[in-house]
Number of protein chains: 2
Amino acid sequence: MYLCSVMGRNVEFDEAAAIQKAMEVFWKKGYNGASLRDLTDAMQINSSSLYNTIGDKQELFVRCVQHYTDLRRQDWDKRLNSNKSPFETLVEYIHEAVGVIINGEDSCMAVKSAFEVATNDQRVKDILIADNDRAYQFLHDLIRNAIKMGEIKTDEDPALLADYFNSTWTGWYESYILHKDPIKIKRMADYFIKQLTK
Amino acid sequence: MYLCSVMGRNVEFDEAAAIQKAMEVFWKKGYNGASLRDLTDAMQINSSSLYNTIGDKQELFVRCVQHYTDLRRQDWDKRLNSNKSPFETLVEYIHEAVGVIINGEDSCMAVKSAFEVATNDQRVKDILIADNDRAYQFLHDLIRNAIKMGEIKTDEDPALLADYFNSTWTGWYESYILHKDPIKIKRMADYFIKQLTK
DNA sequence: TTTTTTTTGAAACAAATGTTTCAGAATTGA
DNA sequence: TCAATTCTGAAACATTTGTTTCAAAAAAAA
């Protein structure tokens with residue numbers, strides 16, 4: 001991708017940090033709502049540097065979405081490799097995820113991007129599909145293992161339950177944007193957990 | 001709002017038809033993605049006419065979202081006033097809604113708008129809240145009456161179930177944008193109905 | 001008809017958009 | 001050290017943006 005070939009000056013700015021900053025702008029304002037000035041201001045670089053190293057606005061957005069989903073992947077991996085039981089891990093995840101919805105101020109970038117640009121930009125769509133598949137895998141593994149270990153008793157297909165929760169999830173964000181009602185989200189989360197255990 | 005006071009020329013274009021056209025553009029491209037040229041081209045009016053009768057871009061968008069939610073309200077009213085039983089109405093609605101997700105090509109404008117602009121535009125947010133409340137009412141009425149008539153047996157709170165479905169709903173749109181898998185949506189819908197009946 | 005008021009169409013508006021240019025600064029290897 | 005190469009900053013680029021202007025057209029009331 002970037003070869004520090006033979007000679008010349010080195011890139012001055014921290015690319016990873018710049019992507020992080022750009023991601024925050026896109027996350028908040030959306031793809032069309034974020035201007036290049038917004039972005040370069042936050043990244044603290046000149047547009048010439050941006051176009052030299054990363055590329056145009058679309059390319060930058062792709063990188064930001066990729067970064068966003070990478071962070072999620074890391075979180076899921078960490079949780080899967082903990083020494084807690086599957087069901088414990090699942091419940092903890094759901095509760096923490098509710099916390100993210102309630103305390104976060106900008107909803108979920110993956111969801112926002114799916115609705116705003118996934119239909120127009122195939123590369124973004126592919127990244128979001130991969131992210132969604134990993135979310136599904138995460139839930140599916142936990143539910144399946146919880147059943148195997150007898151923590152959950154259900155005659156329902158774990159694949160269906162994973163799909164169902166994976167999508168249910170999105171609606172909680174919308175609900176919270178409109179109603180800003182933490183209790184409502186918590187009740188729905190509790191209901192979902194209850195469905196698993198009976 | 002508009003008084004055909006005493007004298008002068010009449011408005012030439014059909015405002016309702018123009019709003020409908022503008023709505024379709026916003027629906028497809030989003031608020032920031034739709035330019036005034038896009039809009040006036042579709043509406044087949046000059047921008048001076050737009051600014052004279054309706055107002056600026058924000059005002060136009062508000063009217064379009066209002067129009068979108070009006071159409072939904074009409075649909076719910078019609079269904080509530082049918083001579084079918086509550087449960088029958090509910091199941092029919094869910095199935096038709098699945099059909100809209102699967103066959104429609106632009107997801108749901110209310111959902112897209114919630115994620116793109118509800119956090120920035122209080123007027124849009126208020127319209128979407130009212131719409132969401134009506135959707136809740138619709139589901140709540142049907143579930144409550146179905147229980148009363150013995151069509152549904154559940155020890156769960158109808159209010160919770162209505163909330164739950166009302167938000168679940170949104171995730172099915174995202175799922176379909178990414179995976180374009182009709183079976184997946186149908187299975188989730190069937191699972192939801194099954195939850196109600198047992 | 002004439003007068004009065006309003007809408008329309010085309011053009012123009014300033015500001016903002018995404019992107020490129022290029023001279024000079026900086027860093028590397030020789 | 002010097003030559004070679006690359007990055008940076010500021011400015012400029014052509015478009016596109018949302019919005020306004022205004023003369024001409026149209027229609028209602030006098």
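Chain letters run A, B, ... following the sequence lines, proteins first and then strands; every chain starts at 1. Small disclaimer: the values here were computed from a predicted structure and weren't measured.
- With D/dG9, D/dT17, C/dT20 as the candidates, the nucleotide lying closest to the side chain of A/Ser47 is C/dT20.
- The shortest side-chain heavy-atom distance between B/Leu80 and B/Thr89 does not fall under the 4.5 Å cut-off.
- Following rounding to the nearest Å, B/Tyr31 (OH) and D/dT17 (C1') show an atom-to-atom distance of 11 Å.
- Which of D/dA10, D/dT19, C/dG18 sits closest to the side chain of A/Ser48 comes down to D/dA10.
- Counting only heavy atoms from C-beta on, A/Leu36 has its side chain closest to C/dT19 among C/dT19, C/dT8, C/dT27.
- For the pair A/Lys57 and B/Thr53, nearest-nucleotide mapping onto DNA chain C gives the more 5' position to B/Thr53.
- Atom CE in A/Met43 sits roughly 14 Å away from atom C1' in D/dT8 (whole-Å rounding).
- Applying side-chain contact (heavy atoms from CB on, under 4.5 Å) to B/Trp76 and the options B/Leu139, B/Asp141, B/Asp131 leaves one that passes, B/Asp131.
- Atom-to-atom, CG of A/Asp14 to P of D/dC7 comes out at 16 Å; the value is rounded to the nearest Å.
- Here the P atom of nucleotide D/dA25 and the CG atom of B/Asn52 are 18 Å apart, to the nearest Å.
- Atom pair A/Phe13:CZ and C/dA26:C1' shows a separation of 15 Å (rounding to whole Å applied).
- A/Asn10 has no side-chain polar atom (N or O) that falls below the 4.0 Å cut-off from OP1 or OP2 of D/dC7.
- B/Leu50 places its CG atom 10 Å from the C1' atom of D/dT19, with the value rounded to the nearest Å.
- In this structure, A/Asn46 places its CG atom 16 Å from C1' of C/dA26, rounding to the nearest Å.
- With distances taken from any side-chain atom of B/Arg37 to the nucleotides C/dA12, C/dG18, D/dT20, the minimum falls on C/dA12.
- Remark: B/Tyr51 is in phosphate contact with D/dT19, judged by side-chain N or O atoms under 4.0 Å from OP1 or OP2.
- Two residues, A/Ala34 and B/Ile45, neighbour DNA chain C, and the one matched to the more 5' nucleotide by heavy-atom proximity is B/Ile45.
- Linking ILVMFWY residues whenever their side-chain heavy atoms come closer than 4.5 Å, directly or via other members, places B/Val98 and B/Leu142 in the same cluster.
- If you take CG of A/Asp56 and C1' of C/dT20, they are 13 Å apart, rounded to a whole angstrom.
- Taking 4.5 Å as the limit, some side-chain heavy atom of A/Tyr68 sits within range of a side-chain heavy atom of A/Cys108.
- For the pair B/Ser35 and D/dT16, the criterion of a side-chain N or O lying under 4.0 Å from OP1 or OP2 is not met.
- Screening B/Phe138, B/Phe165, B/Phe87 against B/Tyr93 for a ring pair (Phe, Tyr, Trp, His ring centres under 6.0 Å) leaves a single residue, B/Phe138.
- Each of D/dT19, D/dT8, C/dT8 was ranked by its minimum atom distance to the side chain of B/Val11; first place goes to C/dT8.
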